[in-house]
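First the structure, in the form of structure tokens, and then the observations on it.
From a predicted model like this one, the values you see are computed outputs, not experimental measurements. Read the numbers this way: they start at 1 and go in the same order the structure lists the ligands and their atoms. The figures that follow rest on heavy atoms only: side chains count, while hydrogens, waters and symmetry mates do not.
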Amino acid sequence: MDLSGARVLVAGATGVLGGALTAELAGRGACPALAGRDPARLAHVAQACPGAPTVLFDAYDPASCARAVHDAKAALGGLDAVVAAFGAVAFGRAAEVGDEVAEHLYAVNVLAPAALFRAALTVMGPGSVIAAFTGVVAERPQAGMADYSASKAALSAWLGAVRREVRTSGIHVLEARPGHLDTGFADRPVAGTAPPMPAGGDPHRVAAALADAMETDAELLFTAPDGTPVVERRAR
Ligand SMILES: NC(=O)c1ccc[n+]([C@@H]2O[C@H](COP(=O)([O-])OP(=O)(O)OC[C@H]3O[C@@H](n4cnc5c(N)ncnc54)[C@H](OP(=O)(O)O)[C@@H]3O)[C@@H](O)[C@H]2O)c1
């Protein structure tokens, strides 16, 4: 897709990756709409993106995800791409993580992006893009992160199935599956404490690579062991 003038909903724009992606998109001439759950944080990030509309959603409320898509479309006069840049993580051995924590992770990491994209697919046409951050755990589940890993694997599977459904209609499905990044995400779990982790990759490089992937209608972005983002035209 041509990002210049593209109308892009960034859901999770208050996050580090969402903020970096919003700046990257705006720098390439796109028109982003910023979605988040907290009005004050949303207003704060909107200052860096003058003129960009803001819409509220809470990933724990699927109806609000669909509403965000329709609100963004109305504000931008159409929608060419929707990116899910939000998520939640929890740490702890599987037997010790509570059911409510597990439910939260599946709601935020699977059901919410699915609700967002279901609504997007009804309003977007050929050449448009839906994109989401899963993570390397989707293919390499980690001990102490069973529900986070499983939720990202579930989202990855959902995207893969939808990609097959919409390929002939010209809508592109992009999965970003980076390794650990230096965003502080692991320090903001809904439960538990992160194990010691090596230094993370640069979120700004990943945001730039995601924009490249959108521009080239690629299907997969991952990071090499040294943190270098790699864009692949076809998902494996
Ligand atoms: N950082 C990494 O190492 C890494 C690696 C691979 C994949 N990812 C994925 O990348 C995505 C973005 O993470 P990040 O690193 O940028 O972390 P981040 O800065 O903590 O961003 C997380 C975002 O998710 C939003 N969020 C969380 N729960 C929400 C809810 N119930 N409703 C609406 N928004 C909610 C947060 O909103 P608030 O600002 O309101 O809290 C924030 O915008 C996540 O899906 C994560 O799984 C991250």
Shared-cluster residues of L210, by chain and number - hydrophobic side chains joined below 4.5 Å: M1, L3, V8, V10, L17, L21, L25, V83, V129, F133, L174, L181, V206, M214, L221, V231
Any side-chain to backbone donor/acceptor pair from R118 onto P113? Under 3.5 Å, distance only. no
So is there a nitrogen or oxygen of L181 less than 3.5 Å from a nitrogen or oxygen in ligand 1? yes
Name the closest protein heavy atom to atom 25 (C) of ligand 1, giving the residue it belongs to and the distance to 0.1 Å. F86 CB, 3.6 Å
What about V136: any of its N or O atoms under 3.5 Å from an N or O on ligand 1? no
Nearest heavy atom to atom 4 (C) of ligand 1, choosing from A20, G200, A35, G179, belongs to G179
Under 3.5 Å: donor-acceptor pair, side chain of T183, backbone of V16: no
Provide, to 0.1 Å, the distance between atom 32 (N) of ligand 1 and the closest protein heavy atom, together with that atom's residue and name. A59 N, 2.8 Å
Apply the test side chain to side chain contact (heavy atoms under 4.5 Å, CB included) to residues V69 and L9: give CA-CA distance (whole Å), side-chain angles for both, the deciding distance (0.1 Å), then the verdict. CA-CA 7 Å; V69 169; L9 171 59; 4.0 Å; yes
Quick one: do R7 and D80 make a salt bridge, cutoff under 4.0 Å? yes
Has ligand 1 got any nitrogen or oxygen that is less than 3.5 angstrom from a nitrogen or oxygen of H104? no
I'd like to know if the side chain of S156 reaches the main chain of K152, judged simply by a donor and an acceptor atom lying under 3.5 Å from each other, with no hydrogens or angles considered. no
Please state whether A85 comes within less than 4.0 angstrom of ligand 1, counting heavy atoms only. yes
Atom 35 (C) of ligand 1 - nearest protein heavy atom and its distance: R37 NE, 3.7 Å
What do you reckon, does G12 put a non-hydrogen atom under 4.0 Å from ligand 1? yes
Evaluate side chain to side chain contact (heavy atoms under 4.5 Å, CB included) for M124 paired with I130, printing each intermediate quantity in order. CA-CA 9 Å; M124 297 198 313; I130 60 172; 3.4 Å; yes
Do F117 and Y60 sit in the same hydrophobic cluster, where Ile, Leu, Val, Met, Phe, Trp and Tyr count as joined when their side-chain heavy atoms come under 4.5 Å apart? yes
Students often mix this up, so state it plainly: with edges at 30° and 60°, are the rings of F185 and Y148 parallel, tilted or perpendicular? tilted
Does one hydrophobic cluster hold both V123 and L76, with members joined at side-chain heavy-atom distances below 4.5 Å? yes
Does V16 reach ligand 1 with a nitrogen or oxygen that is under 3.5 Å from one of the ligand's nitrogen or oxygen atoms? yes
Near G15 (heavy-atom distance under 4.0 Å), the atoms of ligand 1 are 19 (O), 21 (O), 42 (C), 43 (O)
Nearest neighbour in protein (non-hydrogen) for atom 6 (C) of ligand 1: P178 O, 3.4 Å
Does R177 have a non-hydrogen atom less than 4.0 Å from ligand 1? no
Nitrogen or oxygen atoms of G18 and ligand 1 under 3.5 Å apart: no
Subset of ligand 1 atoms that lie under 4.0 Å from at least one heavy atom of H180: 3 (O)
Below the 3.5 angstrom mark, is there an N/O of G87, backbone or side chain, next to an N/O of ligand 1? yes
Shortest protein contact, atom 37 (O) of ligand 1 (heavy atom only): T14 OG1, 3.3 Å
Proximal atoms of ligand 1 relative to T183 (non-hydrogen, under 4.0 Å): 1 (N), 14 (P), 15 (O), 17 (O)
Expected output: side-chain R163 to main-chain V173 donor-acceptor under 3.5 Å: yes
Looking only at protein heavy atoms, which one is nearest to atom 47 (O) of ligand 1, and how far off is it? Y148 OH, 2.7 Å
At what distance is the nearest protein heavy atom to atom 40 (O) of ligand 1, and which residue and atom is it? R41 NH2, 2.7 Å
Would you say A88 has any N or O atom under 3.5 Å from an N or O of ligand 1, going by distance alone? no
Please determine, by modelled atom types, if S4 and D2 share a side-chain donor-acceptor pair under 3.5 angstrom. no
Of all the non-hydrogen atoms in the protein, which one sits nearest to atom 7 (C) of ligand 1, and at what distance? T134 O, 3.2 Å
So, using salt bridge (charged side-chain N to carboxylate O under 4.0 Å, His left out) as the criterion, who are the partners of E103 when residues are at least two apart? none
